[in-house]
Amino acid sequence: MNFDLTEDQAMLQAAVERFVADSYGGDLEARRAARLTPAGFSAANWARLAQTGVLALPVSEQSGGLGGGHVELMVVMEALGRGLVAEPVLETLVAAALLDGASQAHAAANAAQHDALLAAMIAGETLVTLAHSEREARYNLAHVGTTARPRGDIVVIDGAKTAVLAGGAADHFIVSARASDDTVGFWIVAADAPGVDRRGYRLADGSAAAELTLRGVQVARDAQLSGGLALLLRVAATARLAAAAEMLGLMTLLFDTTLSYVKTRSQFGKALGSFQVIQHRMTDAYVLVEQARSHVVRAALAPDAGFARAAAGAKAFVAEAALSVAHTAVQMHGGMGITDELVIGHALKRVRVLALTFGDATAALDDYRRAA
Amino acid sequence: MDMSFSPADLAFRDEVRDFLADELPQRLRDGMNGTPSVFVEPEIGLEWQRILHARGWLAYQWPVEVGGTGWTPVQRYIFEKECALADAPSLSVLGLKLVGPVIARFGTPAQKARFLERILTGDDLWCQGYSEPGSGSDLASLKTRAVRDGDRYIVNGTKIWTTHAHYANWMFCLARTDPDVKPQAGISFLLIRMDQPGVTIRPIIGMAGDHEVNQVFLDDVEALVENRIGDEGQGWTIAKYLLENERGGSCAAPRLLAELDRLERMAATQPSGTNGALGHDTDYARRLAKLRLEAEALEMTELRVLGELAQGRKPGPQTSLIKLVASTLRQHVDELIVETFGYDGLQLATERPLYGNESPEPIGSKPAQLAMPTYLNSRAWTIFGGSNEVQKNIIAKTVLGL
């Protein structure tokens with residue numbers, strides 16, 4: 001029984017923490033400026049992140065990645081969360097895992113093409129994101145109304161996608177669609193392909209999302225990834241662990257910032273933290289942070305057979321815990337907490353977005369109990 | 001026990017309803033519903049104020065001698081309820097509910113003549129100089145200093161959370177005129193012109209991106225002695241009177257109940273993604289039903305306070321309880337609204353305003369676009385006007401005797 005990080009894992013953690021310190025270092029203005037760009041993040045930071053190997057980490061070695069496991073993923077995402085990093089790491093991990101999983105599934109004819117795209121992604125040169133959600137689906141991953149119809153050598157895609165994370169600046173989309181045999185497949189679609197109408201908009205965390213309308217979009221048959229819904233569900237489990245770990249990082253940021261505030265802020269002649277009501281609320285928050293960490297570690301260490309269930313459980317638990325800690329942090333900061341001037345509000349908004357990644361807490365809870 | 005309105009009250013209600021149907025423009029209703037922050041912009045609020053003033057109903061919270069309507073507490077409640085149900089813009093409390101009644105109660109005849117009518121006409125817009133960076137919940141520790149210099153005071157200090165200071169031409173301000181007595185006894189209530197040298201306004205942007213509040217720096221700013229309300233050192237007494245007005249607003253439930261009705265209708269058309277509409281999902285429906293139960297309890301508590309007033313008695317300590325319940329419930333409703341819209345509830349437009357022809361096109365629907373900024377701004381309800389922690393301390397001390 002030993003929950004210490006290995007030397008390699010600790011080095012990885014230090015590398016991400018160094019990135020956070022060098023890129024943002026608690027400078028909310030720099031982060032705000034990065035968010036206000038059309039892409040919603042800093043190109044310079046993105047390039048630097050790619051150099052740290054973070055984007056290649058979860059990709060298998062066969063596909064040119066570093067072949068990191070769930071513990072490494074947890075370590076990286078928690079550190080990014082604690083650093084309130086604006087760059088689309090989670091979105092890239094999802095797209096990379098889909099491409100990686102597809103290329104491992106079959107030695108397909110298009111493998112070389114997909115591997116080239118994957119290599120460009122993990123080098124930070126090309127931004128690819130999953131376009132899966134549809135309004136009618138809410139959080140049901142199996143609900144896909146977009147269609148892919150074969151026509152000669154090509155496939156024609158029609159439909160609409162919403163909440164495409166990092167979709168505002170993506171170069172390619174991995175679009176899910178229902179094929180004529182009623183199975184769900186994934187196709188790589190260039191953002192500037194004819195028939196792709198992208199409408200960018202901002203999410204609560206300032207990131208640049210998009211809605212897509214796809215009208216008669218023509219793609220080559222070999223633009224399809226090998227693997228269907230089963231692949232997506234595997235990737236979703238990984239993404240849930242990643243989101244839970246990032247939320248854990250945000251929770252520690254929120255908690256530590258608030259603890260320090262109630263120790264120094266003085267009202268009625270004494271520190272806020274000397275009032276029992278504040279002490280109890282901080283204790284409740286502390287309990288949630290520790291319990292959330294336990295769930296994230298539990299999921300990261302889960303054997304393959306139980307991983308999807310553990311990740312769904314961690315996501316369900318951490319999403320609610322993180323929102324609770326964020327609300328407490330806002331309240332403890334009083335007026336300052338509701339402004340855009342502290343990390344508190346930004347962390348709350350990021351938690352809101354992560355809490356819905358691959359379904360809200362209820363959807364994750366349903367997956368957790370059904371997998372039992 | 002009888003909770004019905006009298007025939008006269010029902011006739012009054014119909015009169016208010018007819019007035020709202022005829023006189024409240026759709027543009028103003030849209031402005032109210034399209035505002036995710038607590039206060040509506042003056043361009044919306046002042047137009048509604050002018051319409052009400054023309055009808056003679058604007059000063060309904062004031063004594064008759066200074067232009068009040070002479071309504072009974074029940075009539076006031078009916079008016080506020082009908083306005084809320086008709087989506088009338090919320091009236092700016094700063095002049096009408098806060099400083100107006102203070103001037104009416106503590107002001108000299110000259111002060112009443114000078115200030116009250118201009119609040120009603122909208123010629124003067126007020127902001128409140130209470131909180132300071134170091135004095136939030138502990139208001140009595142405020143440090144803004146006013147030093148007498150002949151017929152004026154020279155004021156120095158910093159005020160914060162100053163709602164609409166960027167629109168106001170006057171500030172009512174608590175300042176320390178005597179540093180040598182106990183904190184509460186050394187405070188005076190001063191009226192300060194905003195358009196004078198030494199007044200600097202720093203916008204504070206909320207986490208939803210709205211500009212409602214400010215920090216105001218006062219550097220050698222002048223306040224005439226003739227514009228002090230009450231005696232020197234009487235400021236704390238006046239401030240408490242004013243805070244009771246701020247905390248006493250007790251018609252919160254009708255609007256919450258109307259919003260829950262609206263939410264239920266919207267949930268009936270939101271996809272659950274699995275089986276039919278979200279509104280038919282048992283967990284969702286139960287959550288909504290629980291909020292409705294809380295709102296109904298709040299409505300009855302508000303009516304029980306009203307009953308005391310209607311019988312000519314002073315209301316009990318429930319005003320503090322109402323703020324506590326209404327603010328928490330408001331937040332829970334806004335959380336459910338944001339979650340109702342699924343991924344659409346995550347959108348946060350950076351443009352303002354979110355009503356009118358220039359407003360950004362929503363993703364999904366207009367209510368979905370408003371959900372996130374409303375939820376984020378809603379976190380303020382348990383903080384301003386005395387945080388919930390302070391409210392609980394007050395109840396524990398004054399009601400429970402602990």
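Treat the numbers as computed from the prediction; the structure is a model and nothing was measured. Convention: sequence-line order gives letters A, B, ...; per-chain numbering from 1.
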Between [X] and chain B, with a heavy-atom cut-off of 4.5 Å, which part of the residue counts as in contact: side chain, backbone, both or neither?
X: A/Val277; value: side chain
X: A/Leu348; value: side chain
X: A/Ala204; value: both

For each of [options], tally heavy-atom pairs with chain A at distances under 4.5 Å, and name the one with the top tally.
options: B/Thr350, B/Asn393, B/Leu278; result: B/Leu278
options: B/Gly345, B/Ala349, B/Ser141, B/Pro362; result: B/Pro362
options: B/Asn377, B/Leu376, B/Val338; result: B/Leu376
options: B/Ala140, B/Pro373, B/Gly134; result: B/Gly134

Partner of A/Asp205 by salt bridge (Lys or Arg N to Asp or Glu O under 4.0 Å), out of A/Arg35, A/Lys349, A/Arg352, A/Arg32: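 Only match with A/Asp205 under salt bridge (Lys or Arg N to Asp or Glu O under 4.0 Å): A/Arg35.
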I need the full list of salt bridge (charged side-chain N to carboxylate O under 4.0 Å, His left out) pairs touching residues 372-392 of chain B, with sequence neighbours left out, sorted by first then second residue.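 Checked against salt bridge (charged side-chain N to carboxylate O under 4.0 Å, His left out) - neighbours excluded - the pairs reaching residues 372-392 of chain B are A/Arg281-B/Glu389, B/Glu335-B/Arg379.
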Any carboxylate oxygen within less than 4.0 angstrom of a Lys/Arg side-chain nitrogen, looking at [X] and [Y]?
X: B/Arg202; Y: A/Glu341; value: yes
X: A/Glu87; Y: A/Arg31; value: no
X: A/Glu211; Y: A/Lys161; value: no

Please look at [X] and chain A and tell me whether the side chain, the backbone, both or neither of the residue comes under 4.5 angstrom of a heavy atom of that chain.
X: B/Ser131; answer: neither
X: B/Pro133; answer: backbone
X: B/Tyr375; answer: side chain

Taking only heavy atoms into account, what residues of residues 206-218 of chain B are found under 4.5 Å from chain A? B/Gly206, B/Met207
